[in-house]
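These numbers come from the heavy atoms of this one structure, side chains and all, not from hydrogens, waters or symmetry mates.
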Amino acid sequence: MSNRKRGSFVSLQLMSRWKNIIGLNVTVTSFLQKYPHVFDLFVHPFRRNMCCRITRKMKELILLEDVVVRQHEIEVVKRVKKLLMMSLNGTLHVHALRLNRRELGLPCDFRESILGKYCDEFRLVDLEIVALVGWDDELGIAHVEKWREREYREKWLSEFETKFAFPINFPTGFKIERGFREKLKTWQRLSYTKPYERKDVKCGGEQRYEKRAVAVLHELLSLTVEKMVEVDQLAHFRRDFAIEVNMRELLLRHPGIFYISTKGNAQTVFLREAYEKGGLVEPNPVYAVRRNMLELVLLGRRKTKQLLACDEFKEKSNTVVCEVDGDVKREGDWAIPFLESSEKN
């Protein structure tokens, strides 16, 4: 709706055609009515048909997200550079970035505003391939190395124990079978080709190759805004990152590192260590805006004072734009607990 050139509203008749595209299992009208803080239903003053537009509060947050993304342009450049540095040949398919644009916090026009603008960092080989211009040693350090350094200094663990280890947090109720701890300890000590190392990724056997794939996925998730991405979207990086294994099976084999949630028709993988008590351990500005967006969603059909006043006014006029009380507080977050509850429903 926001991108429509003919107006910032859409008729419900047209929106009904979007049902399969967005994966709804209910009617579009029923869905829109569940979220009055996000969508405003009204009767068109001339055509007299039912239409929908985004509420002013939600529209403000959408605009704010774009502003915040552009304010952190340098961070976006570094993020794309790190992805290119992880790739096998220093190149990436642009469509992989496009499909994961929102997860990586890229602006809508990233091809022009990032890849085209920073020609000293990136080179467009053709319409669908972007290449890294120069290597940056300062960026060639994986996010997990910070954790390893803390473990080494604060817990007085030996370098042998921490050099190739990953933070492990098993879910509640996880059954540990006999011999599992010993196998895990052996796996944690197993050396592998790190994501930013320029070596033959297939050398060292199957276990080391698989551990490198885990490290690459761990780093990729660390680079995302919300430390999560749909599993199907990860597949678009397989060729560039030389990951020749089934990603879903790989993620499931490491439940202490990754968490897969099923919501609707999508499977989403979270980086476990990045979340605590339902929220990001290290929140960022873009994540903060998206949390505010979700607060409006989680309000559901709860009505604030302004929304009630809007409803009263609607009885006299069907063209009013609804607003939302920005001071409404709601406990909880949309992360893992929210998704788990959604799965049960």
So, does Asn246 use its side chain to make a donor-acceptor pair with the main chain of Glu249 at under 3.5 Å? yes
Full working for side chain to side chain contact (heavy atoms under 4.5 Å, CB included) between Arg290 and Glu226: CA-CA 9 Å; Arg290 292 180 183 176; Glu226 298 167 274; 2.8 Å; yes
Here the gap from Ile129 atom CD1 to Leu92 atom CG, rounded to the nearest 0.5 Å, amounts to 8.5 Å
Any donor-acceptor N or O pair under 3.5 Å, side chains Tyr192, Glu210: no
Output field: ring centroids Phe241/Phe237 closer than 6.0 Å: yes
Salt-bridge criterion met for Glu161 and Lys185 (N-O under 4.0 Å): no
Measure from the side-chain N and O atoms of Lys227 to the backbone N and O of Ser222, and report whether any donor-acceptor pair falls under 3.5 Å. yes
Can a donor-acceptor pair be found, under 3.5 Å and without considering hydrogens, that links the side chain of Asn89 to the backbone of Asp240? no
Salt-bridge test for Arg153 and Glu149: reply yes if a basic N is under 4.0 Å from a carboxylate O, no otherwise. yes
Whether Arg53 engages the ring of Phe39 as a cation-pi pair (distance to the six-membered ring centre under 6.0 angstrom, angle to the ring normal within 45°) should be assessed. no
Can you tell me how the ring of Trp135 sits relative to the ring of Tyr196, calling it parallel under 30°, perpendicular over 60° and tilted otherwise? perpendicular
Are Phe270 and Phe258 close enough that their ring centers fall under 6.0 Å? no
Residues Asp40, Lys57; criterion salt bridge (charged side-chain N to carboxylate O under 4.0 Å, His left out); working and verdict: CA-CA 11 Å; Asp40 173 32; Lys57 183 64 177 178; over 6 Å; no
Atom pair CG (Asn100) and CG (Leu106), whose distance is rounded to the nearest 0.5 Å: 9.0 Å
His44 and Phe9 aromatic ring geometry - parallel, tilted or perpendicular at 30°/60° bounds: tilted
Heavy-atom donor-acceptor pair, Arg111 side chain to Arg98 backbone, under 3.5 Å: no
First locate atom CZ of Arg79, then atom CD1 of Ile74, and finally report the distance between them rounded to the nearest 0.5 Å. 11.5 Å
Are Val125 and Val130 connected, step by step, through hydrophobic side chains (Ile, Leu, Val, Met, Phe, Trp, Tyr) whose heavy atoms are closer than 4.5 Å? no
Tell me if the aromatic rings of His254 and Trp187 count as close, with their centers under 6.0 Å from one another. yes
List the residues meeting side-chain hydrogen bond (donor to acceptor under 3.5 Å, both in side chains) with Thr27, not counting sequence neighbours, and say none if there are none. Ser30
Non-hydrogen atoms of Leu132 and Met85 that approach each other most closely: CD2-CG, 3.5 Å
Value rounded to 0.5 Å, distance of CG in Leu251 from CG in Leu221: 7.5 Å
Measure across Val69 and Gly105 and return the closest heavy-atom pair with its distance rounded to 0.1 Å. CG1-O, 3.3 Å
Between Gln233 and Leu99 (side chain of the first, backbone of the second, donor and acceptor by atom type, cut-off under 3.5 Å), is there such a pair? yes
CG (Leu41) and SG (Cys52) are apart, to the nearest 0.5 Å, by 5.0 Å
So, Arg208 side chain and Leu190 main chain: donor-acceptor pair closer than 3.5 Å or not? no
With the threshold set at 4.0 Å, does a side-chain nitrogen-carboxylate oxygen contact exist between Arg238 and Glu244? no
Has the side chain of Thr162 got a donor or acceptor atom that lies under 3.5 Å from a matching backbone atom of Ser158? yes
Kindly work out whether a path of hydrophobic side-chain contacts (I/L/V/M/F/W/Y, heavy atoms less than 4.5 Å apart) joins Val229 to Val281. no
Hydrogens and angles aside, do His37 and Glu295 bring a side-chain donor and acceptor to less than 3.5 Å of each other? no
Expected output: side-chain Asn292 to main-chain Leu61 donor-acceptor under 3.5 Å: no
Option passing salt bridge (charged side-chain N to carboxylate O under 4.0 Å, His left out) with Lys82 (candidates Glu219, Glu121, Glu75, Glu138): Glu219
Given Glu145 and Lys194, is the salt bridge (charged side-chain N to carboxylate O under 4.0 Å, His left out) satisfied, shown in steps? CA-CA 10 Å; Glu145 296 296 345; Lys194 296 184 177 182; 3.0 Å; yes
Grouping I, L, V, M, F, W and Y whenever their side-chain heavy atoms are under 4.5 Å apart, do Met247 and Ile260 come out in a common cluster? yes
Sidechain N-carboxylate O distance under 4.0 Å for Glu151, Lys146: no
Of all the heavy-atom pairs spanning Arg70 and Cys108, show the shortest one and how long it is. NH2-N, 4.5 Å
Are Val43 and Val10 in one and the same hydrophobic cluster, where Ile, Leu, Val, Met, Phe, Trp and Tyr link if side-chain heavy atoms are under 4.5 Å apart? yes
With rounding to the nearest 0.5 angstrom, report the CG to CG distance, Leu299 to Leu294. 9.5 Å
Pair Glu73, Lys117 - check salt bridge (charged side-chain N to carboxylate O under 4.0 Å, His left out), show working. CA-CA 11 Å; Glu73 192 174 276; Lys117 180 179 177 181; 2.9 Å; yes
Atom pairs and distances, side-chain donor-acceptor, residues 163-181, under 3.5 Å, sequence neighbours left out:
none

Is the distance between the ring centroids of His236 and His95 under 6.0 Å? yes
Quick one: do Glu154 and Arg150 make a salt bridge, cutoff under 4.0 Å? no
